[in-house]
Structure formats: C-alpha cells, structure tokens
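Counting starts at 1 for both ligands and their atoms, in listed order. The first residue in the sequence is number 1, and the count goes up from there.
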Amino acid sequence: MRVALQILGFALALSGGFAQTAPEKVAPLSSATAEDLARGKRLYDSQCSQCHGPKGDGGTGANLAQPSLRLATTDEALVRIIREGIPGTDMPATPAMTEHEWWLTAAYVRTLGKIPPEKIAGDPERGKLIFTGKGGCTACHSIHGRGGRFGPELGDIGARRSASHLRQSVLAPDADFTERYAFVRARLASGETLSGIRLNEDTFSIQFMDASERIHSFWKKDLAQLEILRNYSPMPPYAGRLSATELDDLVAYLVSLRGSK
Ligand code: HEC
Ligand code: HEC
C-alpha cells in the first residue's frame with residue numbers, strides 16, 4: 001500500500017500536479033468559515049464516519065471528539081494523518097482527496113473536540129481486577145507486554161477505539177471484528193486442520209498464530225484448503241457472563257489504557 005502510494009505520488013509529481021512533500025505549514029484550521037466546515041462535514045460523513053462515528057466519538061476508529069488528540073497534536077499533524085493514514089493500523093490514507101479537501105476535513109475534525117467527552121460509568125480499578133481475574137483476559141491479551149499474545153496487545157486500546165466499540169468487542173467479538181484481524185482455518189494435505197489469527201499473508205504464503213501461541217507458516221500451494229474468516233472471532237463472547245456493573249467497570253478500565261504505563 002505504502003509503496004503503491006509512493007509510486008502514485010511520484011507519478012503525480014512528475015506530471016506536476018502533486019506536492020510530494022507535505023507543505024510544512026497549513027493555514028490555521030481555526031480560520032475555517034462556516035461554509036468550509038459544512039464542506040468538511042460532508043467529507044467527514046462520507047469518508048470517516050463509518051469508523052469514527054457520526055459524531056466523532058469513535059467506533060472501530062479512535063474517538064476524535066476530544067479536546068486534544070494523541071497523534072494529531074498540531075494542525076499540520078492532523079492534515080498529514082488524514083492524507084497519509086497511520087501505517088500499520090486501520091487508519092487509511094486518502095489519496096483520492098485533494099489538498100484543500102484534507103484541510104476542510106481537518107478543520108471539521110477540530111470542531112468535534114469541542115463536544116463534551118463521553119461519560120464512562122464504571123470504575124477502572126475494579127475493571128482491572130475483572131480483566132486479570134474473573135474475565136480471564138490476560139490468557140490472550142497483554143498490557144504493555146505482560147500477558148498472552150494470541151489476542152492483540154491492549155496497552156493503548158483506550159486511545160485507539162471508542163468506549164462503545166470496546167463494550168461491543170467484549171460482548172460479541174464476532175459482531176465487532178475489525179478489518180485489522182482475520183481468522184485463518186487451514187487444512188493440510190494430511191487432512192489435519194489448524195487455525196489461528198492471521199499474522200501475515202501474501203499471494204503465495206500465510207502465517208498465523210494458534211491459541212497456544214504457536215506460529216504456523218505455509219506455502220498456500222501446499223494446503224488442501226484455506227479459509228480466511230472475517231466475521232469469526234476466537235475470543236469468547238462475554239454477554240451474559242458479566243453483570244452490567246462488571247461490564248461497565250471493565251470498559252472503564254479498557255478506556256483508561258492510553259499507552260502510558
Ligand atoms: C477503516 C476505518 C477508518 C477510516 C475510514 C478512517 N479512520 Fe481515522 N483512524 C482509524 C483508526 C483505527 C485509528 C487509530 C489508529 C491507531 O493509532 O491505532 C484512526 C486514527 C485517526 C486519527 C488520529 C487520532 C489521534 O488520536 O490523534 C485521526 C485524526 C483520524 N483517524 C482521522 C480520520 C479522518 C478525518 C478520516 C476520514 C478522512 C478517517 N480518520 C478515516 C480508522 C479509520
Ligand atoms: C481466547 C482468547 C481471548 C480471550 C480469553 C479474550 N480475548 Fe479479546 N481478543 C482475542 C482475539 C484473538 C482478538 C482479535 C480478534 C477480534 O477482534 O475479536 C480479541 C479482540 C479484543 C478486543 C478488540 C481489539 C481491537 O483492536 O478492537 C478487545 C477490546 C478485547 N479483545 C478485550 C478482551 C477482554 C476485556 C477480555 C476479557 C474479558 C478478552 N478480550 C478475552 C482473544 C481473546
């Protein structure tokens with residue numbers, strides 16, 4: 001993807017229509033007019049709201065309705081993130097948008113932060129005890145490197161996903177499977193079946209990790225059958241296994257995980 005974008009940028013630079021390197025300075029986003037913001041909102045609604053939520057308070061994408069953002073700390077950084085995405089995450093680049101459209105969208109995103117933050121009902125300290133105790137979450141998830149590796153590291157999950165997505169992820173993991181994860185089921189020539197979370201895949205090969213954290217690597221041509229499931233999670237659903245208060249506490253704990261140790 002990155003390579004493809006660089007080639008695209010290069011081709012456009014040759015044709016003279018594209019500034020390859022970002023303009024170091026952008027016009028202050030606070031100078032946007034009401035009309036700019038209305039255009040920014042239309043762009044946001046069509047390109048961003050499916051992940052960041054119609055009000056910006058997040059979904060599979062980060063909560064943008066906050067007074068300050070973790071990565072998009074300056075106007076320039078915000079425009080750059082919208083343009084280039086965040087490599088290695090679900091946040092995509094937007095090569096089809098123009099420079100002015102990046103700016104308009106960024107200006108609108110800044111207004112989302114003026115909305116008061118989402119209120120979280122639970123108690124993060126009690127939630128932590130559920131995470132390490134009754135919930136059994138550490139069997140599969142690590143926080144800052146400590147814990148299981150089968151599920152994703154969650155040390156900064158509160159900064160990357162909204163509270164509503166986190167709640168949904170715990171209640172019904174199948175229903176909230178994001179593009180980032182895929183479940184692999186492979187049948188070998190011997191008839192043996194292996195499954196796990198996809199780590200890497202290209203045209204010819206696939207790598208995945210099974211529930212006992214063993215990594216398997218195959219040439220696709222050597223497999224009798226290969227299924228990539230996008231709506232199946234190996235994480236157990238917790239609906240009905242935690243009380244409403246326990247769930248609130250657990251979500252409050254997940255929201256509090258913002259990357260600092
Ligand atoms: C396919 C889902 C998806 C789409 C579409 C998407 N984003 Fe994102 N975005 C994400 C995710 C996931 C993250 C968090 C990445 C991370 O740090 O792990 C993110 C992060 C961000 C951040 C950084 C937030 C911070 O804390 O600094 C900004 C800003 C942002 N997105 C803006 C946008 C805008 C504006 C659009 C539309 C042009 C957009 N995104 C489209 C998924 C998406
Ligand atoms: C059997 C292993 C396993 C257990 C136990 C488990 N998870 Fe997961 N979890 C996973 C896997 C694998 C994924 C990635 C696929 C998916 O999204 O479901 C995941 C995904 C998640 C996500 C979504 C991450 C994202 O990037 O959006 C959250 C949040 C989460 N788990 C929290 C929890 C919590 C809280 C518990 C305990 C109550 C828990 N998990 C127990 C394996 C597990």
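The pair Glu201-Lys220 counts as a salt bridge, with a side-chain nitrogen and a carboxylate oxygen less than 4.0 angstrom apart. Classification of Lys25 and Asp75 as a salt-bridged pair fails, no side-chain N sitting under 4.0 Å from a carboxylate O. A salt bridge links Arg161 with Asp90; the closest basic N to acidic carboxylate O contact falls under 4.0 Å. Taking the charged nitrogens against the carboxylate oxygens, Asp156 and Arg70 do have a contact shorter than 4.0 Å, which makes a salt bridge.
Summarising the contacts of atom 23 (C) of ligand 1 with Leu69, Thr60, Ile86, the nearest heavy atom is found in Ile86. Scanning Ala106, Gly61, Pro92 for the heavy atom closest to atom 6 (C) of ligand 1 points to Pro92.
Residue Tyr44 forms a side chain to side chain contact (heavy atoms under 4.5 Å, CB included) with just one option from Thr111, Leu64, Leu104, and that option is Leu64.
A cation-pi arrangement is found for Arg185 relative to Tyr232, the charged atom lying closer than 6.0 Å to the ring centre and inside a 45° cone about the ring normal.
The part of Pro152 lying near ligand 2 is the side chain, judged by heavy-atom distances below 4.0 Å. Under 4.0 Å from ligand 1, not a single heavy atom of Asp156 appears. Contacts of Asp90 with ligand 1, taken as heavy-atom pairs under 4.0 Å, involve both backbone and side chain. With a 4.0 Å heavy-atom cut-off, ligand 1 is reached by the side chain of Thr105 but not by its N, CA, C or O. Contacts with ligand 1 closer than 4.0 Å are made by no heavy atom of Leu43, backbone or side chain. Under 4.0 angstrom from ligand 1, the non-hydrogen atoms of Leu78 all belong to its side chain.
Not a single N or O atom of Ser169, backbone or side chain, sits closer than 3.5 Å to an N or O atom of ligand 2. Considering both main-chain and side-chain atoms, Ala72 comes within under 3.5 Å of ligand 1 through a nitrogen or oxygen pair. At under 3.5 Å, a nitrogen or oxygen of Leu71, whether backbone or side chain, sits near a nitrogen or oxygen of ligand 1. Every N/O-N/O distance between Tyr238 and ligand 2 stays at or above 3.5 Å.
Ligand 1 does not have Gln66 within reach: every non-hydrogen atom of the residue lies 4.0 Å or more from it. Note on ligand 2: Ala139 sits outside its first shell, no heavy atom being nearer than 4.0 Å.
Atoms of ligand 1 found under 4.0 Å from any heavy atom of Val109 (numbered from 1 in listed order, with element): 35 (C). The Gln50 neighbourhood of ligand 1 comprises atoms 5 (C), with distances under 4.0 Å to a heavy atom of that residue.
In summary, the side chains of Asp248 and Thr245 do not present any donor paired with an acceptor at a separation below 3.5 Å, with no hydrogens or angles considered.
The SD atom of Met235 and the NE2 atom of His141 subtend an angle of 180° at atom 8 (Fe) of ligand 2, given to the nearest 10 degrees.
At a cut-off of 2.8 Å, His52 coordinates atom 8 (Fe) of ligand 1 through an N, O or S atom.
From Lys134, atom NZ reaches atom OH of Tyr238 across 11.0 Å, with rounding to the nearest 0.5 Å.
Between the Ser142 side chain and the His144 main chain, no donor and acceptor come within less than 3.5 Å of each other.
Put simply, Ile206 and Leu188 are part of the same group of oily side chains (I, L, V, M, F, W, Y) that touch within less than 4.5 Å, one to the next.
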